[in-house]
There are 2 protein chains.
Amino acid sequence: MTPRPPASERLDRGELLSTALAIADTDGLDAVTLRRVAADWSVTPMALYWHFQHKDALLDALVERMLDELELPGDEPDLRTVMTALLRVLRAHPALAEITPIRLMRTDAGLDMGERVVGLLRAEGHSPVAAAQLSVLLLNALIALVIRQPGETAVADPVQRDALLAAKRARLKSLDPQAFPHLTETADFFLGLPDEQEYYERGLTMLLNGVRLS
Amino acid sequence: MTPRPPASERLDRGELLSTALAIADTDGLDAVTLRRVAADWSVTPMALYWHFQHKDALLDALVERMLDELELPGDEPDLRTVMTALLRVLRAHPALAEITPIRLMRTDAGLDMGERVVGLLRAEGHSPVAAAQLSVLLLNALIALVIRQPGETAVADPVQRDALLAAKRARLKSLDPQAFPHLTETADFFLGLPDEQEYYERGLTMLLNGVRLS
DNA sequence: ACAGTAAATTTACGCCGTATATTTAGGGAG
DNA sequence: CTCCCTAAATATACGGCGTAAATTTACTGT
């Protein structure tokens, strides 16, 4: 009805991103649709196209926004410190973790981090190619740590979530202990973390150990 | 027009899966839609619902089908052997790699493999919980190796693919060598693999090293 | 011969991203 | 003060997706 509203009620790109981020955090990535974000501002979906080229660009920007929260100590952080900082923002926005790998290097913060990580690996004596590969492997594995955290399902809806977990539990509990002694013994782990702190410590340690010796 | 065709022209679940797998291999995962698979058999999309509960079940079955190609030496294979076998089928069907992690443990072959891997890690002296976690990390990281293989884009369409790669190249090549010495030095790696064999060797070695020491 | 079940069809719905064309508020130049 | 340009939205429409529900018909067993 009224194209071009008074300047006071213009959309703001930054605020759109905040909205999208909030949606992702509370209802999962699938809930981040153009219509949903637009609706939150009582606006047509097409209005977003003025602020973002297409949805993919919005997602890129979303990752960038998430990385704004990165807290790197100014002076020469080591590998573990960098990874821990990244881990923190990822755990704060797990829904974004799965779209991060492809997009990380499209953001400025991501490039900075990539440069840092490759540099640190070079300093450990790795060849340029090895350092590059290990950096990618490290980042991807770290992200996988968050995405596949036992108990996470990538589905935000609690009903579906519980259904999935119940199915998983049923499957694991019905295993023949004779045929699957080890899975039986560790079934609880796959259904939910006993200790998140320990989980991330161990994962990180394993990755850094692997890097240090390759 | 003709509900319930003569028995000779019935759909076959296995053949539907073959079709879906072929589509995934040639045109990517996004091309695997119910309509597309149905069209290949000149059949209504709804026909598939007789053979699969829903699309997700079809994807589960697709992963299962892929794992049929797993070739494990019968007697006591070690960790590297198991991972190498998995790597082989994943590289044969890279489009399925991204949906494998969540689904692996819903398949029989996946459970067998999980049992094997956890067992091997237990034998290396890891605690039950540690072995469970490391097995997941290992599998996920291995899969990430395939999904994020430099040059891969998860987009099958060659036009889009090239556009993406060109954008990436442009971005990397325009980096200030002063500010990003390491990324500049290793830019070529991110754009395409010099040596696939070496890439997978190194990735696998790094992961196994990490596991062995944690 | 006939009932019951198996395996498809038809139709419809509500989502999604986005191409295209149109509308209008506000700011700068004459 | 007016005119015009452009910024920023709306309206409309399209094709694609997964799937719910009801219907139809070929075959199987009694």
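Quantities reported herein were computed from a predicted structural model and do not represent experimental measurements. Here is the naming used below: chain letters follow the sequence lines, and residue numbers restart at 1 for every chain.
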Quiz item: Tell me, do B:V136 and A:F190 make a side-chain contact under 4.5 Å, heavy atoms counted?
Solution: yes
Protein-nucleotide distance ([X], atom [atom1]; [N], atom [atom2]), rounded to Å:
X: A:E9; N: C:dA25; atom1: CD; atom2: P; result: 11 Å
X: B:F52; N: C:dA7; atom1: CZ; atom2: P; result: 13 Å
X: A:D12; N: D:dA7; atom1: CG; atom2: P; result: 17 Å

Quiz item: Is it true that A:R80 and A:E201 make a salt bridge, defined as a side-chain N closer than 4.0 Å to a carboxylate O?
Solution: yes
Practice problem: For the pair B:D108 and A:R171, find out whether any cationic side-chain nitrogen is under 4.0 Å from an anionic carboxylate oxygen. | Solution: yes
Could you give the distance from [atom1] ([X]) to [atom2] ([Y]), rounded to the nearest 0.5 Å?
X: A:L139; Y: A:T100; atom1: CG; atom2: OG1; value: 10.5 Å
X: A:R65; Y: A:T107; atom1: CZ; atom2: OG1; value: 13.5 Å
X: A:L86; Y: A:L138; atom1: CG; atom2: CG; value: 9.5 Å
X: A:T186; Y: A:F180; atom1: OG1; atom2: CZ; value: 12.0 Å
X: A:Q149; Y: A:E196; atom1: CD; atom2: CD; value: 4.5 Å

Self-check item: Those residues of residues 30-41 of chain B lying under 4.0 Å from DNA chain C by at least one heavy atom
Solution: none
Exercise. Please say whether more than 12 non-hydrogen atoms of neighbouring residues, nucleotides or ligands are located less than 6.0 Å from CZ in A:R36.
Key: yes
Practice problem: Assess whether atom CD of B:E71 is packed by more than 12 heavy atoms of other residues, nucleotides or ligands within 6.0 Å. | Solution: no
Quiz item: Counting only non-hydrogen atoms, which of residues 13-29 of chain B are less than 4.0 Å from DNA chain D?
Solution: none
Quiz item: Which of residues 53-63 of chain A sit near DNA chain D, with a heavy atom under 4.0 Å from it?
Solution: none
Quiz prompt | N/O donor-acceptor pair under 3.5 Å between A:E98 side chain and A:I147 backbone | solution = no
Exercise. Would you indicate, yes or no, if C:dT18 has its OP1 or OP2 atom less than 4.0 angstrom from a side-chain nitrogen or oxygen of A:Y49?
Key: yes
Quiz item: Quick one: is D:dA9 close enough that its OP1 or OP2 comes under 4.0 Å of any side-chain N or O from A:H51?
Solution: yes
Quiz item: Quick one: which of D:dA9, C:dT9, C:dA6 gets closest to the side chain of B:R10?
Solution: C:dA6
Quiz prompt | B:M46 side chain, from C-beta outward: closest of D:dA8, D:dT10, D:dA21 | solution = D:dA21
